[in-house]
Amino acid sequence: MTTTPSKKETKILYRCPECGSTNVFQDLNRGELICGTCGLIIDEKLIDKGPEWRAFNSEENNNRARTGSPLSLTIHDKGLSTTIDWKNQDANGKEISVRKRAELYRMRKWQIRSIVYSAQSRNLTIAMSELERLSSQLGIPKEAKETAALIYRKTLNKRLVRGRSIEGIVAASLYLACRIHKIPRPLDEIVIQARTNRKELGQSVRLILKEIDIHPPVPSAMDYIPKIGNSLGLSGKTIYTAIDIIKQAKQKGITAGKDPGGLAAASIYIAGIIQYERRTQREIAEAAHVTEVTVRNRYKDLATKLNITIKP
DNA sequence: AAGACGAAAGTGGTTGA
DNA sequence: TCAACAACTTTCGTCTT
């Protein structure tokens, strides 16, 4: 699986309300509409309304429909299917010949395999509908959703879902997929929508990280800034300033071990003051899902360590 | 009156013996 | 497995605009 975020930006016909430029891009990785001139995020949580793939003939259609026909959630045999007994006796209690025994052995083997197969596809059906629900509720673009589906399939193949809730693993897959695609969604934000609790989600995330070969980048404060800045209605200039502050902080190595959300909030606070676009600590804290105190502590930290003087 | 600030106590997660 | 620990939160009183 590839973890390199593909730079998928499409230029579209749209005029930026901030600077009037038509240099507007659609960043499908993040699901955002961005002005290429001033950096304003015009819209986020874009929804791809078209079908997720196109087919020009029936053969392609078959090849691309990777989940097969839509499965009904009901179990086709309702648990009433034939079972083959393990006893080597016929209905009258007589011993079965060696040749028949070998045949029976093969039949049992395939029957069990088919049961495992249907159990897995049933699991996948439930999981995918849960994934669909979760990602649409969190406004997650389809690329991250696809990645999440892939991660989920891997965990399913490794039998990691056994004894755990499907919902928990789905949420964990989605969380990791978001990190891979650099669309920050903190655990807590997912917990609100997911049918799990914080503890289980955290455990599942760690389990997948350990067992599956994926290496999502450590979430950076920079990834949070556009989202927070946009929800506060800040201009592209301020957002750039905030990103710049984080870059400086990174160079000085003072970002390690700190909550990226808090750092992002602090840099936005400082950027707001510098660019005369001030927001109160409370507003920023709310948008960044941290407390005022954290904003305060981080911003004090950043200001002293980067020698930024804040004008009163 | 709202916002900013800081101290103190509490919380959940990580680390190292 | 448990205690120490760092980062963050909650709460609350005080100062500033």
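Letters A, B, ... are given to chains in the order of the sequence lines, protein chains preceding strands, and every chain is numbered from 1.
- The distance between atom CG of A:Asn297 and atom C1' of C:dT10, rounded to the nearest whole Å, is 13 Å.
- When the nucleotides C:dC8, C:dT11, B:dC5 are ranked by their closest atom to the side chain of A:Gln281, B:dC5 comes out on top.
- Following rounding to the nearest Å, A:Lys300 (NZ) and C:dC8 (C1') show an atom-to-atom distance of 18 Å.
- Note that CD1 of A:Ile239 is 7.0 Å distant from CD1 of A:Ile268, once rounded to the nearest 0.5 Å.
- Atom pair A:Leu263:CG and C:dA6:P shows a separation of 18 Å (rounding to whole Å applied).
- Not counting sequence neighbours, the partners of A:Gln193 by the side-chain contact (heavy atoms from CB on, under 4.5 Å) test are A:Leu134, A:Gln137, A:Leu138.
- Between A:Glu292 atom CD and B:dG3 atom P there is a gap of 9 Å when expressed in whole angstrom units.
- Distance CD1 (A:Ile273) to P (B:dG3): 14 Å, rounded to an integer number of Å.
- Here B:dC5 is the nucleotide among B:dG3, C:dT11, B:dC5 with the atom lying nearest to any side-chain atom of A:Tyr299.
- The side chain of A:Arg206 sits closest to B:dT14 out of B:dT14, B:dC5, C:dT11.
- Of the N and O atoms on the side chains of A:Asn123 and A:Tyr152, at least one donor lies less than 3.5 Å from an acceptor on the other residue.
- Here the closest non-hydrogen pair linking A:Ala271 and A:Ala242 is CB-N, 3.6 Å.
- C:dA6: no Watson-Crick or G-U partner with both key distances under 3.5 Å is found in any strand.
- For residues 282-291 of chain A, proximity to DNA chain C is found at A:Val290, A:Thr291, defined as any non-hydrogen atom under 4.0 angstrom from a strand atom.
- With C:dT10, B:dA4, B:dC5 as the choices, the nucleotide that has an atom nearest any side-chain atom of A:Arg278 turns out to be B:dA4.
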task: Given side chain to side chain contact (heavy atoms under 4.5 Å, CB included), test A:Gln275 with A:Ser235 step by step and report yes or no.
output: CA-CA 9 Å; A:Gln275 301 289 353; A:Ser235 74; 5.8 Å; no

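- Separating the CZ atom of A:Arg298 from the C1' atom of B:dG6 is a distance of 14 Å, rounded to the nearest angstrom.
- There is no path of hydrophobic side-chain contacts, each under 4.5 Å, that joins A:Val293 to A:Tyr269.
- Counting to the nearest Å, the C1' atom of B:dA4 and the CZ atom of A:Arg279 are 17 Å from each other.
- With hydrogens and angles left out, the side-chain atoms of A:Thr280 and A:Glu283 include a donor and acceptor closer than 3.5 Å.
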